[in-house]
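Presented below is the structure to which this report refers.
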Number of protein chains: 2
Amino acid sequence: MKNRIIDTAEKRFSQYGFRRVTMDDIASDLGISKKTLYQNFKSKDDIAWAVKERMHKDIDRLLKKAKKEIPEPIERFKRVIAEVTERVAVIGSAFMTDIKKDIPDLWRECEEFREREIYKYIGGILEEGIKKGKIRKDIDTKIAVMAYLGAIRMIIQPEILMENKFSIADAFDSILKIFLEGIQM
Amino acid sequence: MKNRIIDTAEKRFSQYGFRRVTMDDIASDLGISKKTLYQNFKSKDDIAWAVKERMHKDIDRLLKKAKKEIPEPIERFKRVIAEVTERVAVIGSAFMTDIKKDIPDLWRECEEFREREIYKYIGGILEEGIKKGKIRKDIDTKIAVMAYLGAIRMIIQPEILMENKFSIADAFDSILKIFLEGIQM
DNA sequence: CTCAAGGAAACTAATATAGTTTTTTTAGTT
DNA sequence: AACTAAAAAAACTATATTAGTTTCCTTGAG
């Protein structure tokens, strides 16, 4: 049950931020009462922390695995991008803006994680690629990663998917193609 | 004064959405009292409408000008991208989510504008480029435009600029480079 | 000095929602 | 069928927030 709650909360928070999502929303999505929700989590803040903890753990695991299994930068980038991005895009501006005010400690930890694990780690893959002459020297790797995340975040919004003909997989492929083409030598 | 208010509101709405921005915020940013603010606009909703009207007018003007002056698709894309994107990025997910609930008519108009003027128009430039063999056939132009907007939106957040060494101009350049490289034949 | 305009502060009314409690419903057991 | 425990649904309380309004204070011009 706890995981179902975290799933639902993650989805909602990523789309609407923290403040905009009510406990009623989450309970209703899950088909449970608020009472049951509070039997599992002490407060709304607790849920936000749980969402963050699980996400960070998952992403850590994926990044470590990719590092171990794939030495080649472009391929590793592709793997990481495929597996991590959608989750990472959840650290969206509305959520962060909200928790910066409402749960500052949580915000700080998310910021640090993002800086360390996302930009440094993924940016590091790109730097490797630059060293090996596979990726253009003239791009700032952090900007590239940010841009990619921004692009993905744009696409994963449910209204966008609903209103348009393409599937999310197609969209991800397209964006990845543009990026890979754009960053490679 | 009205324009100063619209400037400030546009900035705030683009970053924080509609609901999160208070009339106190706007007044304070401008160094005026709420009283003065209400002397210029009847309500908060009025301000949102004013922001939208002005923006759409500005973008319309820019798009028409570019069409008249620049026949070549890649160059036109560059021009449009340079002049329009930052403004367009203001139609962000937080703002749209808020007004969808709070001011549905405004939301509808913004949606239509975005569909017509941004995706169709800019997408149209890209389609032209495809026809002329300058842009890859295998990308969906709408996804490309969305991705680009997402990337830009990511970068223009003030905290991002503050925390990082690159300038906004550098970031825009980088992103544009990646995109142009990624979409061209 | 007076006065008008505008900023700052205080206020009111309304809304929203976290968290809690009560009522109703449901499913299982005897 | 009756009973019971658990959970959903509904209602409630307390608190926070903010749009819009009013009052008080300050400032600058005449």
Side-chain angles (χ1 to χ4, degrees), chain A residues 1-53 92-107 110, chain B residues 1-53 92-107 110:
Chain A
M1 175 53 79
K2 264 190 188 267
N3 263 307
R4 283 182 60 223
I5 293 170
I6 297 174
D7 285 342
T8 300
E10 182 177 326
K11 202 172 303 181
R12 282 254 173 188
F13 289 159
S14 71
Q15 195 181 354
Y16 302 111
F18 180 67
R19 214 184 255 201
R20 200 67 199 258
V21 177
T22 67
M23 296 297 268
D24 274 318
D25 291 333
I26 296 172
S28 177
D29 284 355
L30 285 161
I32 65 173
S33 67
K34 279 208 295 191
K35 189 168 89 170
T36 305
L37 193 51
Y38 279 99
Q39 280 169 359
N40 284 279
F41 287 94
K42 210 170 62 169
S43 68
K44 189 178 174 184
D45 284 13
D46 266 8
I47 298 180
W49 279 97
V51 167
K52 171 249 169 202
E53 301 284 359
S93 60
F95 182 73
M96 293 297 279
T97 301
D98 286 347
I99 64 170
K100 188 172 182 182
K101 276 202 188 158
D102 296 347
I103 323 177
D105 287 343
L106 179 59
W107 175 78
C110 290
Chain B
M1 175 55 76
K2 266 196 187 260
N3 263 306
R4 284 183 58 222
I5 294 171
I6 298 173
D7 285 342
T8 299
E10 183 178 326
K11 202 172 303 181
R12 282 251 174 192
F13 290 158
S14 70
Q15 195 180 357
Y16 302 110
F18 180 68
R19 214 183 257 200
R20 199 66 199 256
V21 178
T22 67
M23 296 299 265
D24 275 318
D25 291 335
I26 296 172
S28 177
D29 283 357
L30 287 161
I32 65 173
S33 67
K34 277 209 295 192
K35 190 167 89 171
T36 307
L37 193 51
Y38 279 101
Q39 280 168 3
N40 284 279
F41 289 94
K42 212 173 60 170
S43 67
K44 188 177 173 183
D45 284 14
D46 266 9
I47 298 181
W49 279 98
V51 167
K52 171 253 171 197
E53 302 286 357
S93 59
F95 182 73
M96 293 298 277
T97 300
D98 286 346
I99 63 170
K100 189 173 183 182
K101 277 199 181 160
D102 296 346
I103 324 177
D105 288 342
L106 179 59
W107 174 78
C110 290

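First the proteins, then the strands, lettered A, B, ... as listed; each starts at 1.
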Inter-residue atom distance Ile32(A).CD1 - Gln39(A).CD, 0.5 Å rounding
9.0 Å

Can you find a pair of side-chain heavy atoms, one from Cys110(A) and one from Leu106(A), that are under 4.5 Å apart?
yes

Is DNA chain C part of any stem, that is, at least 3 consecutive Watson-Crick or G-U pairs with both distances under 3.5 Å, and where?
C:1-30 with D:1-30

Would the distance check show the side chain of Asp98(B) and the main-chain N or O of Gly17(B) forming a donor-acceptor pair, the cut-off being under 3.5 Å?
no

Residues in side-chain contact (heavy atoms from CB on, under 4.5 Å) contact with Ser28(A), at least two apart in sequence or another chain
none

Contact boundaries of DNA chain D with chain A (under 4.0 Å, heavy atoms), 5' to 3'?
dA7(D) to dT18(D)

Considering only residues two or more places apart or on different chains, which pairs with a residue in residues 36-47 of chain B satisfy salt bridge (charged side-chain N to carboxylate O under 4.0 Å, His left out)?
none

Using a heavy-atom distance cut-off of less than 4.0 Å, which residues of residues 98-107 of chain B contact DNA chain C?
none

Given Trp107(A) and Ile103(A), is the side chain to side chain contact (heavy atoms under 4.5 Å, CB included) satisfied, shown in steps?
CA-CA 6 Å; Trp107(A) 175 78; Ile103(A) 323 177; over 6 Å; no

Find the distance between CG (Leu30(A)) and CD1 (Ile5(A)) and round it off to the nearest 0.5 Å.
6.0 Å

Tell me, with the steps shown, if Arg20(A) and Arg19(B) meet side chain to side chain contact (heavy atoms under 4.5 Å, CB included).
CA-CA 9 Å; Arg20(A) 200 67 199 258; Arg19(B) 214 183 257 200; 2.9 Å; yes

Mind checking side-chain contact (heavy atoms from CB on, under 4.5 Å) for Asp29(B) and listing every partner two or more places apart, or none if nothing turns up?
Thr8(B), Arg12(B)

Run the numbers on Met96(B) and Phe18(B) for side chain to side chain contact (heavy atoms under 4.5 Å, CB included), then give the verdict.
CA-CA 8 Å; Met96(B) 293 298 277; Phe18(B) 180 68; over 6 Å; no

Value rounded to 0.5 Å, distance of CD in Glu10(A) from CZ in Phe95(A)
9.0 Å

By side-chain contact (heavy atoms from CB on, under 4.5 Å), which residues pair with Ala9(B), not counting sequence neighbours?
Phe13(B), Ile26(B), Ile47(B), Val51(B)

Nearest 0.5 Å, please: how far is CE in Met23(A) from OH in Tyr38(A)?
3.5 Å

So, with a heavy-atom separation below 4.0 Å from DNA chain D, the residues of residues 18-34 of chain A are Arg19(A), Gly31(A), Ile32(A), Ser33(A)

Counting distance only, does the side-chain N/O of Asp25(A) pair as donor-acceptor with the main-chain N or O of Thr22(A) below 3.5 Å?
yes

Can you list everything that forms a side-chain contact (heavy atoms from CB on, under 4.5 Å) with Lys2(A)? Sequence neighbours excluded, please.
Asn40(A), Phe41(A)

Under 3.5 Å, which protein N or O atoms sit close to an N or O of nucleotides 3-5 of chain C? Give each pair with its distance.
none

When rounded to the nearest 0.5 Å, the distance separating NZ of Lys52(A) from CG of Asp105(A) is 10.5 Å

Within residues 39-49 of chain B: residues closer than 4.0 Å to DNA chain D (heavy atoms):
Ser43(B), Lys44(B)

Could you tell me which residues satisfy side-chain hydrogen bond (donor to acceptor under 3.5 Å, both in side chains) with Ser43(A), sequence neighbours excluded, listed by chain and number?
none

